[in-house]
Amino acid sequence: MKVVVLAGPESSGKSWLAAELHAHFGGLMVREYVRDFMDHHQRDTSLADIPAIAHGQLAWEDAARAQQPHLLVLDTHLLTNKLWSQTLFGDYPAWLDDELLARHYDLHLLLSPDDVEWTADGQRCQPELADRQAFFQGSLAWMQQHRQAVVVIRGDWEARKQAAFSAVEHLLQP
């Protein structure tokens with residue numbers, strides 16, 4: 001089983017690209033748990049919500065891993081929970097670090113916020129490019145610090161799709 005994570009700031013195309021990869025390569029795809037959490041609770045999240053959100057994301061990921069698909073595409077993982085918690089609340093549950101590093105990810109596709117427009121959807125809160133670039137840099141720094149396999153995805157929507165498909169094709173080669 002190969003596990004691919006889409007990471008990066010909001011409105012950079014993670015959910016769209018995860019769906020495109022899943023449709024093209026098959027396997028299983030795990031969505032972003034926090035979206036369902038926010039739809040269900042109909043309120044802004046707080047620091048106290050982060051453990052429930054992270055446990056929900058892990059439960060979805062672990063259930064998909066248990067099925068042993070040839071390819072598992074994750075729309076996000078705990079790094080996003082950690083960085084959002086730091087961004088919004090100035091803190092995060094320390095156990096996120098251990099849980100994040102306890103799982104193996106074969107490839108991170110880190111999407112840059114550059115070259116695509118931010119789109120409001122009722123849950124997004126970083127319309128400023130500089131804020132999204134800082135989130136991107138935080139993601140990249142974590143991946144480099146922890147020696148994670150990462151491909152940075154840039155460009156317009158078609159360039160992003162082509163780069164991601166190429167990276168996953170390379171990963172899946174025997």
Side-chain angles (χ1 to χ4, degrees), residues 1-22 24-35 50-51 53-88 91-116 126 131-155 159-174:
M1 173 174 68
K2 299 293 185 182
V3 182
V4 175
V5 180
L6 285 97
E10 65 183 23
S11 204
S12 59
K14 293 183 302 293
S15 297
W16 164 75
L17 196 48
E20 291 288 317
L21 290 168
H22 177 250
H24 184 79
F25 293 102
L28 290 177
M29 184 184 92
V30 175
R31 295 178 298 112
E32 187 178 18
Y33 181 84
V34 70
R35 290 192 160 275
I50 299 303
I53 293 166
H55 283 299
Q57 190 70 50
L58 287 175
W60 283 7
E61 179 182 329
D62 290 345
R65 283 178 182 270
Q67 296 181 50
Q68 290 291 305
H70 76 283
L71 178 64
L72 177 56
V73 178
L74 303 177
D75 184 349
T76 192
H77 68 358
L78 290 186
L79 178 59
T80 300
N81 297 132
K82 174 183 173 172
L83 294 176
W84 269 116
S85 187
Q86 287 177 307
T87 299
L88 295 175
D91 198 7
Y92 70 95
W95 62 266
L96 291 180
D97 290 321
D98 293 336
E99 287 293 332
L100 185 57
L101 293 172
R103 287 165 174 75
H104 175 75
Y105 302 100
D106 295 288
L107 178 63
H108 291 80
L109 299 177
L110 178 56
L111 281 70
S112 167
D114 300 327
D115 305 316
V116 292
Q126 285 191 321
D131 293 335
R132 295 190 315 278
Q133 287 170 329
F135 195 95
F136 171 85
Q137 290 301 325
S139 299
L140 182 59
W142 183 90
M143 289 174 199
Q144 290 172 337
Q145 177 186 359
H146 296 287
R147 295 181 172 89
Q148 300 291 304
V150 60
V151 172
V152 174
I153 304 294
R154 300 182 187 278
R160 287 167 190 259
K161 183 176 173 180
Q162 289 176 8
F165 276 37
S166 177
V168 172
E169 284 171 3
H170 181 72
L171 176 68
L172 295 176
Q173 288 177 350

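Considering Val34, Asp75, Val30 in turn, Val30 is the only one that fulfils the side chain to side chain contact (heavy atoms under 4.5 Å, CB included) rule with Gln57.
For Arg31, the side-chain hydrogen bond (donor to acceptor under 3.5 Å, both in side chains) partners at least two apart in sequence or on another chain are Asp36. Under the salt bridge (charged side-chain N to carboxylate O under 4.0 Å, His left out) criterion, Lys2 pairs with no residue, sequence neighbours left out. The side chain to side chain contact (heavy atoms under 4.5 Å, CB included) check on Val3 picks up Met1, Arg65, Leu72, Leu74, Tyr105, Asp106, with sequence neighbours excluded. Residues satisfying the side-chain hydrogen bond (donor to acceptor under 3.5 Å, both in side chains) test with Trp60, not counting sequence neighbours, are none. By the side chain to side chain contact (heavy atoms under 4.5 Å, CB included) test, Ser11 is found to be paired with Trp118, Thr119, Arg124, residues two or more places apart in sequence or in another chain being considered. Applying the ring pair (Phe, Tyr, Trp, His ring centres under 6.0 Å) criterion to His55, with sequence neighbours excluded, gives Trp95. Residues passing the salt bridge (charged side-chain N to carboxylate O under 4.0 Å, His left out) test with Asp115, sequence neighbours excluded: none. Remark: Thr80 engages Thr76 in a side-chain hydrogen bond (donor to acceptor under 3.5 Å, both in side chains) (not counting sequence neighbours). Among residues two or more places apart in sequence or in another chain, the side-chain hydrogen bond (donor to acceptor under 3.5 Å, both in side chains) test is passed with Asp62 by Arg103.
Residues Ile50 and Leu96 have side chains in contact (heavy-atom distance under 4.5 Å, counting atoms from C-beta outward). For the pair Glu10/Trp84, a side-chain contact is recorded, criterion being any heavy-atom separation below 4.5 Å from C-beta on.
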May I have the list of side-chain donor-acceptor pairs in residues 162-174 shorter than 3.5 Å, sequence neighbours left out?
from, atom 1, to, atom 2, distance (Å)
Gln162, NE2, Glu158, OE2, 3.2

When the side chains of residues 138-147 are checked against the rest of the protein, which donor-acceptor pairs come out under 3.5 Å, sequence neighbours left out?
from, atom 1, to, atom 2, distance (Å)
Ser139, OG, Phe135, O, 3.0
Trp142, NE1, His146, NE2, 3.1

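Side-chain atoms of His77 do not come within 3.5 Å of backbone N or O of Ala7 as any donor-acceptor pair. Ser12 places no side-chain N or O within 3.5 Å of a backbone atom of Pro113 that could act as its donor or acceptor partner.
Listed by first and then second residue, the salt bridge (Lys or Arg N to Asp or Glu O under 4.0 Å) pairs that reach into residues 79-88 are Lys82-Asp97, sequence neighbours excluded.
In this structure, CD in Gln137 is found 8.5 Å from CG in Leu110, a value given to the nearest 0.5 Å.
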